[in-house]
Each structure stands twice: as structure tokens, then as C-alpha cells.
Trainee: 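Once you've had a glance at the structure underneath, I'll fire off some questions.
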Amino acid sequence: MTSTRNKADLFNAMGIGPVWELRSQDEPSKPDAMASGVGLDEMLPASLSLESLQEMVAVCKKCGLCETRKQTVFADGIPHAPLMVVGEGPGVDEDATGRPFVGKSGQLLDRMLKAVGASRTNNTYIANVVKCHPPGNRNPEQAEIEQCSPYLVQQIKASGPKVLLLVGRFAIQTLLNTKKPVGELRGVVHQVTLDGRDIPAVVTYHPAYLLRRPEEKSKAWDDLLLLKQQGLI
Ligand code: URA
Ligand code: SF4
């Protein structure tokens with residue numbers, strides 16, 4: 001069990017403030033009955049390396065986001081790492097640098113990961129549902145997600161994570177094939193089934209949402225604890 005001292009350090013790392021007692025800390029995580037119904041991978045060859053996927057994405061014009069992007073944003077971190085984080089789509093900073101989660105949300109994500117001993121320089125691979133920046137930072141549209149998510153599915157297969165952390169509703173709804181809000185889906189470990197293999201998936205709020213609603217950070221902390229409890233990172 002995490003000592004209060006350690007917990008305080010971890011909360012500070014996340015910028016959360018006072019230490020709350022965690023209700024669900026010792027409860028075993030229940031497997032979720034709703035396995036993913038991802039049927040997104042039919043449109044690409046069965047197995048592609050991360051390198052060939054990245055090359056395909058770099059020249060992709062499947063949706064209108066190609067018109068306004070500066071560059072595609074494929075991934076960051078360690079390919080084949082045990083933890084894979086999936087976000088929504090590149091923001092302005094990511095469009096400018098070509099790397100996911102480098103802006104303010106990314107900085108919070110890094111602090112969240114650090115709190116459970118994870119980092120993109122060590123044991124984490126990071127990608128998004130859409131690989132091109134939606135102009136004006138708008139949400140990705142359903143059609144754009146449908147065009148782009150087969151890359152993500154192949155990317156997960158090629159990277160082969162032991163566990164997924166899905167941040168925000170677009171990653172969650174796409175990979176768990178649901179329309180339910182994040183608040184209804186968190187607290188249990190889901191399974192994303194690809195090629196008959198179940199990959200445990202923990203869901204949490206998007207860091208951009210947590211920056212707007214810091215009072216929700218304690219829930220995100222519970223989610224990270226659930227991730228850590230899987231013993232896979
Ligand atoms: N938000 C995301 O979901 N992904 C990024 O890469 C940056 C911000
Ligand atoms: Fe292609 Fe995805 Fe970019 Fe659309 S968002 S152009 S599908 S890489």
C-alpha cells in the first residue's frame with residue numbers, strides 16, 4: 001500500500017494539493033463485461049510495423065485535416081513500451097513540433113505519469129486518435145475519427161502494449177466502442193480486444209479537462225492508481 005508520505009509526494013507531483021484518503025484502494029478491480037467492439041482495422045493490411053505506419057500517416061490525405069495541418073503527429077516515447085497512452089489529437093504545439101502532448105496538457109500528462117513511475121523516456125509510448133491538428137482546436141469530427149482510427153488500431157497492435165491508458169472521451173469512446181461519458185466508464189478495467197488478444201485499458205479524464213476542472217484531479221489519481229495496481233508497469 002502507498003504510504004501517506006509517498007502519496008503526498010505523488011499528489012504534489014500531479015499538482016493536486018492535500019492528500020485524500022482513497023476509498024477504492026484495496027478493492028480488486030473488476031473486469032468490465034464490455035469488451036471493445038473495435039472493428040476498425042479492416043482497411044489496412046493485417047500487420048504493419050510502426051515505421052511503415054508512420055510513413056503512411058506522414059503522407060495521408062484521407063480526411064480534411066490534411067489541408068490545415070503543419071505536419072502529422074504520429075507518436076512519442078518508447079515504441080513497444082509496456083504502457084501506451086492514447087489521447088485525442090494534436091493541438092497547436094503538437095502541430096508545430098510533430099510530437100504528441102508537448103503543450104500544457106502534455107506537461108500535466110507527464111506529471112500524472114511520473115506519479116506512477118511512468119515516463120515517455122522510460123516505459124511509455126504515446127499517440128492520439130487523430131494524427132492531424134483540428135483547426136482552432138475544435139473536437140475531431142466523427143468522420144475524421146473513422147478515417148484515422150485504423151492507424152491507431154494498427155499502431156497499438158504494432159507497439160504491443162501490456163496496458164492502455166485512454167485519456168479523454170475520444171480515445172475512450174473510439175477504443176471501447178461506446179458513447180458513454182468518461183465519468184460512467186472510469187473505476188473499472190476495460191479490455192480492448194485486438195486480434196483475439198485482450199489488452200487491459202484504464203480510462204481517465206483528459207489532462208486539458210483537468211486543467212479546467214482541477215477538482216477532478218483526485219479522480220484521475222484514483223484512475224492512475226488503478227493503472228498501477230494492474231502490476232504491468
Ligand atoms: N491533447 C491530446 O489529446 N493530444 C495531444 O497530443 C495534445 C493535446
Ligand atoms: Fe489522415 Fe488521420 Fe490526418 Fe485525417 S487526421 S489526414 S486520416 S492522418
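These numbers were taken from a predicted model, which means no experiment stands behind them. Ligands are counted one by one from 1 in listed order, and the atoms in each one are counted from 1 as well. Below, all heavy atoms of this structure are taken into account, side chains as well, without hydrogens, waters or symmetry copies.
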Trainee: Begin from the C-alpha positions of Leu152 and Met84 and carry the test side-chain contact (heavy atoms from CB on, under 4.5 Å) through to its verdict.
Mentor: CA-CA 11 Å; Leu152 172 66; Met84 179 166 174; 4.1 Å; yes
Trainee: Find all atoms of ligand 1 within a distance of less than 4.0 Å from any non-hydrogen atom belonging to Glu88, and give their numbers and elements.
Mentor: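 Under 4.0 Å from Glu88, ligand 1 has these atoms: 2 (C), 3 (O).
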Trainee: Do Leu232 and Leu83 touch side chain to side chain, with heavy atoms closer than 4.5 Å?
Mentor: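 Counting from C-beta outward, Leu232 and Leu83 never come under 4.5 Å.
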Trainee: In ligand 1, which numbered atoms sit nearer than 4.0 Å to a non-hydrogen atom of Pro100?
Mentor: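 Here the atoms of ligand 1 in question are 6 (O).
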Trainee: Need the ligand 1 atom indices (1-based, order shown) with element for anything under 4.0 Å from a heavy-atom of Gly87.
Mentor: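 Taking each heavy atom of Gly87 in turn, ligand 1 has 3 (O) under 4.0 Å.
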Trainee: Any non-hydrogen atom of Arg99 lying under 4.0 Å from ligand 1?
Mentor: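 Flag not set, Arg99 not near ligand 1.
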Trainee: Contact between Arg111 and Leu108 at the side-chain level, heavy atoms closer than 4.5 Å - yes or no?
Mentor: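 Side chain of Arg111 against side chain of Leu108, heavy atoms only: contact under 4.5 Å found.
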Trainee: Distance under 4.0 Å to a non-hydrogen atom of His206: what atoms of ligand 1 satisfy this?
Mentor: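 Counting from 1, the qualifying ligand atoms are 1 (N), 2 (C), 3 (O).
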Trainee: Does Ser159 reach the main-chain N or O of Gln155 with its side chain, forming a donor-acceptor pair under 3.5 Å?
Mentor: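 Looks like no, no N/O pair under 3.5 Å.
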Trainee: To the nearest 0.5 angstrom, please state how far the CD atom of Gln191 sits from the CD1 atom of Ile199.
Mentor: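 Between atom CD of Gln191 and atom CD1 of Ile199 there are 9.0 Å.
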Trainee: Using a 4.0 Å cut-off on heavy atoms, what residues surround ligand 2? Order them by chain and number.
Mentor: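 Cys60, Lys62, Cys63, Leu65, Cys66, Arg69, Lys131, Cys132, Gln147, Cys148.
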Trainee: Check this for me, if you would: do Glu216 and Arg186 make a salt bridge, where the nitrogen-to-carboxylate-oxygen distance has to be below 4.0 angstrom?
Mentor: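 No, this pair does not count.
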Trainee: Among all protein non-hydrogen atoms, which one is nearest to atom 4 (N) of ligand 1, and what is the separation to 0.1 Å?
Mentor: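 I find the closest protein heavy atom is Asn128 OD1, 2.8 Å.
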Trainee: Charged N to carboxylate O under 4.0 angstrom, Asp95 versus Arg69?
Mentor: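 Salt bridge flag = no for Arg69 with Asp95.
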Trainee: Of all heavy-atom pairs between Cys66 and Cys60, which one has the smallest distance, and what is that distance?
Mentor: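 Answer, listing the atom of Cys66 first, then Cys60: CB-O, 3.6 Å.
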Trainee: If you measure from CG on Leu109 to CG on Leu165, what distance do you get to the nearest 0.5 Å?
Mentor: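 So the gap between those two atoms works out to 7.5 Å.
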Trainee: For ligand 1, is there an atom lying under 4.0 Å from some heavy atom of Gly89?
Mentor: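 For ligand 1, residue contact (heavy atoms, under 4.0 Å) with Gly89 is present.
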